Amino acid sequence: MRVQLGGNSLLRKNLAAATAILLGSGVSHAAGDYKLDSSLLLYSETDRVQAAEYVLGISHSLPGDRILHGKLTFDALTGPSPNGALPSNRVQTFTRPSGSGSYTVEPGKTPFDDTFHDTRFALDGGYTIPIDHLTSFDFGGHLSGEHDYTSIGASLSLSRDFNRKNTNLALSTAFSHDLVNPEGGAPDALSSMREATGEGEDGEFDGEREGGGSSDSKEVLDVVLGVTQVLDRVTLLRLNYSFNRSSGYLNDPYKIISLVEGRGGTSPGEPVDYLYESRPDSRTKHALYAEARRYLSGHTLRLAYRYFWDNWGIESHTVDFWYRLPLRNGHALQPHVRWYRQSEADFYASYLVDGAPLPEHASADYRLAPFHAITLGLEYQLPLRDEATLRIGGEYYAQTGDISPPSSLGPLSQYELFPKLKAIMVRAGVSYAF
């Protein structure tokens with residue numbers, strides 16, 4: 001469950017209108033007991049993954065300032081996805097994740113698994129109870145399921161106002177237990193990708209990956225401490241610290257890494273085997289987040305910075321900027337720019353060399369590589385009626401990394417070892433109070 005803190009503070013009445021605009025919602029009329037939020041996201045990578053996500057959220061205000069809220073999410077993904085192996089001068093053959101059948105990749109092409117597909121349902125719910133006029137308590141639950149992954153969790157949060165309700169402190173925690181049940185079983189770390197086999201009588205793969213178990217699990221703990229401060233009638237400041245601890249099975253069971261021939265061989269850089277990746281069985285993540293919003297004569301500026309670090313050696317910096325331009329009759333435009341840069345994990349490697357001692361951990365997953373990315377977006381907001389707002393927007397995302405490291409062997413120096421990623425996202429959403 002994602003835990004969000006430092007939001008919806010209880011503010012003094014004479015600052016309510018300005019704060020509503022700072023939060024991007026505008027000055028609202030008297031709302032009903034129910035609020036409905038519905039959104040659709042379409043995501044498309046160039047020649048790669050396509051995804052669609054639909055979210056339906058509803059909240060109900062009860063007597064005594066209590067709030068009952070829930071959210072339903074449906075995701076569908078399909079399309080080619082990098083399997084972690086490198087290009088080669090030869091045709092490469094890979095076993096499908098299920099173990100039944102194989103697929104080939106042409107010389108010089110980045111290996112993609114064209115069978116990638118998934119659907120996910122998630123249900124989140126919670127109940128907010130005021131303890132007194134300054135303090136509120138919220139508890140909730142989370143359940144999500146995919147064909148190979150199930151997560152169940154719970155969350156608790158406490159929020160309190162100080163300083164005549166100009167300052168809000170919030171503490172939240174969430175815990176989840178996840179069951180990983182990959183196709184073909186969870187493979188042993190750094191074991192060889194097995195040969196493809198036939199199907200059983202029921203049309204499914206008959207057996208598991210050699211050395212792998214049928215399933216595994218992990219536990220995730222999230223803690224977030226946040227403060228929101230009203231600086232003046234037109235300025236709002238938000239600070240968050242988040243802590244995340246994951247333990248258990250943290251490998252991606254579908255990612256492999258190429259084991260290539262060394263410099264002394266007849267074909268240096270060419271693959272001799274493919275190994276399943278190996279990650280540590282625990283990860284601790286930290287993040288500091290700062291956000292400032294300022295209202296200037298009907299215009300709203302929002303600037304945010306996030307610094308992230310973990311015990312895997314990854315550090316990242318994120319800068320977000322939004323500008324809300326009001327138009328006539330309640331319409332508005334909101335451009336958005338996001339810049340991101342991260343370092344690599346300690347155990348990230350584009351490939352391993354045959355004959356050299358195998359490391360304890362290794363992964364060629366580009367999400368653990370050093371890279372930078374930029375996002376450009378634009379959203380159009382328009383009122384449909386007194387308590388309804390339509391939002392339509394799009395974003396362009398581009399990600400680049402070290403295409404060909406200097407240490408590349410043989411023909412690898414002429415290939416893109418970090419595949420470029422470009423994606424388009426289109427969003428549409430409706431908020432309605434009744």
Side-chain angles (χ1 to χ4, degrees), residues 49 75 77-78 81-85 93-103 111-122 142-153 175-200 202-221 244-259 273-285 310-312 345-349 351-352 358-368:
V49 174
D75 297 314
L77 302 92
T78 187
S81 177
N83 65 9
T93 302
F94 301 94
T95 304
R96 299 191 184 279
S98 64
S100 57
S102 61
Y103 61 98
F112 284 83
D113 179 3
D114 59 1
T115 63
F116 173 73
H117 63 88
D118 206 353
T119 56
R120 181 180 75 99
F121 288 93
H142 166 83
L143 176 65
S144 66
E146 308 167 39
H147 79 283
D148 59 356
Y149 196 95
T150 303
S151 177
I152 184 171
F175 176 81
S176 68
H177 176 78
D178 303 345
L179 180 64
V180 185
N181 188 25
E183 296 180 24
D188 283 346
L190 297 181
S191 62
S192 296
M193 183 183 69
R194 64 177 178 184
E195 296 292 332
T197 61
E199 299 178 341
D202 56 358
E204 299 294 334
F205 167 67
D206 188 15
E208 298 173 349
R209 289 185 242 205
E210 184 176 354
S214 60
S215 64
D216 217 315
S217 64
K218 70 176 182 179
E219 284 72 41
V220 182
L221 172 67
N244 173 280
R245 172 72 175 179
S246 302
S247 60
Y249 186 80
L250 303 184
N251 292 338
D252 186 328
Y254 306 123
K255 295 296 184 183
I256 57 177
I257 184 170
S258 297
L259 183 67
D273 200 358
Y274 307 102
L275 310 180
Y276 292 106
E277 70 164 29
S278 171
R279 306 186 189 191
D281 59 5
S282 65
R283 185 181 187 184
T284 302
K285 298 186 287 187
D310 67 8
N311 64 338
W312 285 5
D346 295 334
F347 53 88
Y348 172 78
Y351 54 87
L352 298 177
L358 288 179
E360 182 180 5
H361 303 295
S363 174
D365 190 339
Y366 70 90
R367 294 169 295 184
L368 302 176

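The structure presented is a predicted model; accordingly, all values stated were derived computationally and were not measured.
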Considering all heavy atoms, the nearest Asn83-Ala85 contact: OD1-N, 2.8 Å
Atom pair OG (Ser191) and CD1 (Ile256), whose distance is rounded to the nearest 0.5 Å: 11.0 Å
Nearest-0.5 Å distance, CG of residue Asp113 to CZ of residue Arg96: 7.0 Å
Pairwise side-chain contact, Ser278 with Phe347, heavy-atom cut-off 4.5 Å (strictly under): no
Side chain to side chain donor-acceptor pair (under 3.5 Å) partners for Ser258, two or more places apart: none
All ring pair (Phe, Tyr, Trp, His ring centres under 6.0 Å) counterparts of Tyr274, not counting sequence neighbours: Phe94
Side chain to side chain contact (heavy atoms under 4.5 Å, CB included) between Asp216 and Asn251, intermediate numbers included: CA-CA 10 Å; Asp216 217 315; Asn251 292 338; over 6 Å; no
Atom pair OH/CH2 of Tyr348 and Trp312 - distance to nearest 0.5 Å: 14.5 Å
Residues that Asp148 engages under side chain to side chain donor-acceptor pair (under 3.5 Å), provided they are two or more places apart: Tyr254
Any side-chain heavy-atom pair of Ser151 and Leu143 under 4.5 Å: no
Glu277 side-chain N/O to Asp252 backbone N/O, donor-acceptor pair under 3.5 Å: yes
CE-OG1 distance between Met193 and Thr95, expressed to the nearest 0.5 angstrom: 4.5 Å
Partners meeting side-chain contact (heavy atoms from CB on, under 4.5 Å) with Asp281 (sequence neighbours left out): none
Minimum-distance pair of heavy atoms, taken over all atoms of Ile257 and Ser363: CD1-C, 4.3 Å
CG on Leu352 to CG on Leu190, rounded to 0.5 Å: 7.0 Å
Atom pair NZ/OH of Lys255 and Tyr366 - distance to nearest 0.5 Å: 6.0 Å
Stepwise side chain to side chain contact (heavy atoms under 4.5 Å, CB included) check, His147 with Thr119: CA-CA 7 Å; His147 79 283; Thr119 56; 6.0 Å; no
Donor-acceptor under 3.5 Å (Asn311 side chain, Arg283 main chain): no
Side chain to side chain donor-acceptor pair (under 3.5 Å) involving Arg245 - partner list, sequence neighbours excluded: Thr284
Counterpart residues, ring pair (Phe, Tyr, Trp, His ring centres under 6.0 Å), relative to Tyr149 (two or more places apart): none
Closest heavy-atom pair and its distance - Arg194, Tyr276: N-OH, 4.2 Å
